[in-house]
Q: 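Before we start, here is the structure in question, set down as structure tokens.
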Amino acid sequence: MRKFASIKIQLQVVTGLMVLAWVAIFATSAERAYDRRVIAQHVHAVVSVSRDLFTAMQTIRVERGTINTGLETATPIDPDTQRDIIALRRRSNAAFDAAFAKIAEMGIPQSNAEVAQILSARAEFDRMRISV
């Protein structure tokens, strides 16, 4: 009878150790998955900001081409072209604003050197837009 109790205890100990090992493995796996999720969310935020900045850049290029064509022609630009330019400016401004809102959500302050440089360049660009 003593051997049976001993085997019973040994099986319980082995089962307990196996459960403990599985819990440790699952906990480690869950921690790694959580870390990867946090990294993926950060990458998604950065890509979203990049996409907005790229949209703004592309819209500005189209706007610049339209304005250059209008400046090179002998006659003043027509109302349709003016509406196109206004729509392009709104679109690029919306993309810029969305990008800077997302940057702020990421916890990067506007006092950051790179962000401040971009904001300064945007202010200069807006001044040039007004003169055009």
Q: Show which residues join Val38 in its hydrophobic cluster (side-chain heavy-atom contacts under 4.5 Å, direct or indirect), or state none.
A: Tyr34
Q: So, using side-chain contact (heavy atoms from CB on, under 4.5 Å) as the criterion, who are the partners of Val14 when residues are at least two apart?
A: Met18
Q: Connecting only ILVMFWY residues whose side-chain heavy atoms lie within less than 4.5 Å of each other, what is the rest of Ile118's hydrophobic cluster?
A: Val46, Val49, Leu53, Ile60, Phe96, Phe100, Ile103, Met106, Ile108, Val115, Leu119, Phe125, Met128
Q: Atom CZ of Arg122 and atom OG of Ser120: how far apart are they, to the nearest 0.5 Å?
A: 12.5 Å
Q: Members other than Met57 in its cluster, when Ile, Leu, Val, Met, Phe, Trp, Tyr link by side-chain heavy atoms under 4.5 Å?
A: Phe54
Q: Could you pull out all residues at least two apart from Val13 that satisfy side-chain contact (heavy atoms from CB on, under 4.5 Å)?
A: Ile9, Leu17
Q: Using the side-chain hydrogen bond (donor to acceptor under 3.5 Å, both in side chains) rule, collect all pairs that involve residues 44-70, keeping only residues at least two apart or in two chains.
A: Ser48-Lys102, Asp52-Lys102, Gln58-Arg61, Glu63-Arg89, Glu63-Arg129
Q: Going by the rule side chain to side chain donor-acceptor pair (under 3.5 Å), which residues pair with Arg32 if we only count those two or more places apart in sequence or in a different chain?
A: none
Q: Who are the side-chain contact (heavy atoms from CB on, under 4.5 Å) partners of Asp80, not counting sequence neighbours?
A: Asp78, Arg83
Q: Should Asn93 and Asp126 count as side-chain neighbours, where that means a heavy-atom distance under 4.5 Å?
A: yes
Q: Show me the pairs that pass salt bridge (charged side-chain N to carboxylate O under 4.0 Å, His left out) and involve residues 37-46, at least two apart or across chains.
A: none
Q: Not counting sequence neighbours, which residues clear ring-ring contact (aromatic ring centres under 6.0 Å, His included) with Phe26? List them please.
A: Trp22
Q: Applying side chain to side chain donor-acceptor pair (under 3.5 Å), name anything that partners Arg127, two or more places apart in sequence or on another chain.
A: Glu124
Q: Hey, could you give me the OG1/CD1 distance between Thr81 and Ile86, rounded to the nearest 0.5 Å?
A: 11.0 Å
Q: Sequence neighbours left out, what pairs pass side-chain hydrogen bond (donor to acceptor under 3.5 Å, both in side chains) with at least one residue falling in residues 103-118?
A: none
